[in-house]
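Scope of the values below: all heavy atoms of this structure, side chains included, with no hydrogens, waters or symmetry mates. We name chains A, B, ... by the order of the sequence lines, and we start the count at 1 in each one.
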There are 2 protein chains.
Amino acid sequence: MKEKELRRSLAVLPIGTVMKLTDLSARQIRYYEEQGLIVPERNAGNRRMFSLNDIDRLLEIKDYLADGINMAGIKEVYELQKQRAKQKQAALARPLTDDDVRRILHDEFLNLGRLQSDPGPHYPAH
Amino acid sequence: MKEKELRRSLAVLPIGTVMKLTDLSARQIRYYEEQGLIVPERNAGNRRMFSLNDIDRLLEIKDYLADGINMAGIKEVYELQKQRAKQKQAALARPLTDDDVRRILHDEFLNLGRLQSDPGPHYPAH
DNA sequence: TGCATATGTCATGTTTTCTTACATGAATTG
DNA sequence: CAATTCATGTAAGAAAACATGACATATGCA
């Protein structure tokens with residue numbers, strides 16, 4: 001499962017291909033990068049190079065936008081995901097204290113309603 | 001298994017990416033196309049666009065060349081593969097006659113020695 | 001009405017790729 | 001040995017793709 005992950009994160013696609021695969025304009029893709037939602041690599045000539053993971057992320061962003069969530073909201077979604085991933089990794093790195101467990105469970109429940117079944121209220125631009 | 005095949009045959013990679021993934025020069029890749037060993041698609045602007053299957057094929061070609069097989073030999077290899085695939089499909093399309101079976105078995109045995117265990121003598125330039 | 005957001009469009013410069021042509025070292029053949 | 005063929009390198013000029021920056025605009029909200 002490690003090699004597959006590597007392949008999915010290989011930056012091999014130019015923006016033209018990504019436009020076709022996602023049906024997004026170059027302007028949109030660059031804007032999402034500007035907003036920090038994706039961070040495509042650059043080749044030696046400064047061309048953006050995208051991975052399959054980037055494609056997935058872009059399609060997700062598209063869905064969120066179609067659902068009426070704005071940039072700020074999407075950023076928050078990914079912030080939460082990042083923090084959850086970080087916690088999970090920390091949990092793997094060392095044995096969990098009771099306090100960890102409580103905090104993780106708390107966050108899980110906190111995020112359940114907002115991110116899965118129901119997008120919830122549209123996030124205001126903080 | 002059908003969707004995976006589709007993804008593998010999607011022409012999404014520019015030649016620059018292919019160069020890096022295969023460690024072949026643009027000259028080599030174009031030459032192999034000229035020889036009919038690969039047939040990359042073209043985008044609207046006439047740029048070659050490669051699929052993952054093309055990458056596999058190029059790496060195969062590289063291996064064959066490293067083994068001392070020349071273009072003519074490699075062409076023959078792929079010709080045989082194509083014919084075998086055609087026969088297999090024909091076999092699926094209609095019931096086999098005894099004669100079919102005999103002929104297919106014959107070809108299988110014929111190709112066994114040459115293509116699998118031992119590359120055999122280097123093919124002369126036809 | 002005025003402002004912020006998300007996207008379109010245009011201009012200009014750089015990078016990538018295309019085709020065509022010629023060059024070349026290694027192997028082959030007469 | 002001289003002449004070919006093969007597989008690849010290299011260079012030139014044109015076209016396509018992409019980058020950045022600026023300005024335009026529709027939409028929704030305060």
Undergrad: Give a yes or no on whether a salt bridge exists between B/E5 and B/R8, defined as a side-chain N under 4.0 angstrom from a carboxylate O.
TA: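 Result for this pair is no, no salt bridge flagged.
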Undergrad: Taking atom C1' of C/dA6 as reference, at what distance in whole Å does atom CD1 of A/I61 sit?
TA: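 Spelled out: CD1 on A/I61 to C1' on C/dA6 is 13 Å.
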Undergrad: Classify the side chain of A/R48 versus the base of D/dA19 as yes if they form a donor-acceptor pair under 3.5 Å and no if they do not.
TA: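 No.
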Undergrad: Against B/R48, only a single residue in B/E34, B/E33, B/E41 fulfils salt bridge (charged side-chain N to carboxylate O under 4.0 Å, His left out); can you say which?
TA: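 When B/E34, B/E33, B/E41 are each tested with B/R48, the salt bridge (charged side-chain N to carboxylate O under 4.0 Å, His left out) holds only for B/E33.
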Undergrad: Do B/R7 and B/E3 sit within salt-bridge range, that is, some charged N less than 4.0 Å from a carboxylate O?
TA: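 Salt bridge flag = yes for B/E3 with B/R7.
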Undergrad: Go nucleotide by nucleotide along DNA chain D from the 5' end; which of B/S25 and B/G45 gets its closest nucleotide reached first?
TA: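 Its nucleotide being nearer the 5' end, the pick is B/S25.
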Undergrad: Output the rounded distance in Å from CE (A/M49) to C1' (D/dA17).
TA: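 Distance, rounded to whole Å: 12 Å.
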Undergrad: State whether B/Y32 places a side-chain N or O below 4.0 Å from either non-bridging phosphate oxygen (OP1 or OP2) of D/dT8.
TA: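 It does, given that an N or O in the side chain of B/Y32 lies less than 4.0 Å from OP1 or OP2 of D/dT8.
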Undergrad: Give a yes/no on whether any side-chain N or O of B/R27 is located under 4.0 angstrom from OP1 or OP2 of C/dT24.
TA: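 Checking B/R27 against C/dT24: no side-chain N or O falls below 4.0 Å of OP1 or OP2.
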Undergrad: At less than 4.0 Å, is any side-chain N or O atom of B/R47 found next to OP1 or OP2 of D/dA17? Yes or no.
TA: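 Negative; the distance criterion is not met.
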Undergrad: Rounded to whole Å, how long is the line connecting atom CD1 of A/I15 with atom P of D/dA17?
TA: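 Rounding to the nearest Å, CD1 of A/I15 and P of D/dA17 are 13 Å apart.
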Undergrad: Establish, for the pair B/R57 and B/Y78, whether the NZ or CZ atom is under 6.0 angstrom from the six-membered ring centre and no further than 45 degrees off its axis.
TA: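 Satisfied, under 6.0 Å and within 45°.
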Undergrad: To the nearest Å, how far apart are A/Q28 CD and C/dT9 C1'?
TA: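 The answer, rounded to whole Å, is 14 Å.
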Undergrad: Rounding to an integer number of Å, can you tell me how far B/R30 CZ sits from C/dC18 C1'?
TA: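 The answer, rounded to whole Å, is 6 Å.
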Undergrad: DNA chain D: A/E33 or B/A26, which has the more 5' nearest nucleotide?
TA: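 Here B/A26 is the residue nearer the 5' end.
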Undergrad: Would you mind reading off the distance between B/R42 atom CZ and C/dC18 atom P, rounded to a whole angstrom?
TA: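 Answer to the nearest Å: 6 Å.
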Undergrad: Hey, is the side chain of A/N43 poking within less than 4.0 Å of OP1 or OP2 on D/dC18, counting only N and O atoms?
TA: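 Answer no for this pair, as no side-chain N or O of A/N43 is under 4.0 Å from OP1 or OP2.
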Undergrad: Mind calculating the distance between CZ (A/F50) and P (D/dA17) to the nearest angstrom?
TA: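 Value for this atom pair: 16 Å.
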Undergrad: Report the distance from atom CG of B/L37 to atom P of D/dC6, rounded to the nearest whole Å.
TA: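 Atom-to-atom, B/L37 to D/dC6, this comes out as 14 Å.
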Undergrad: Do the side chain of A/D67 and the main chain of A/I69 share a donor and acceptor less than 3.5 angstrom apart?
TA: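 No; judged by distance alone, with no hydrogens or angles, the pair does not exist.
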Undergrad: Would one find a side-chain N or O of A/Y31 under 4.0 angstrom from OP1 or OP2 of C/dT7?
TA: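 The answer is no; no side-chain N or O of A/Y31 sits under 4.0 Å from OP1 or OP2.
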Undergrad: Give a yes/no on whether any side-chain N or O of B/N46 is located under 4.0 angstrom from OP1 or OP2 of C/dT19.
TA: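 Checking B/N46 against C/dT19: at least one side-chain N or O falls below 4.0 Å of OP1 or OP2.
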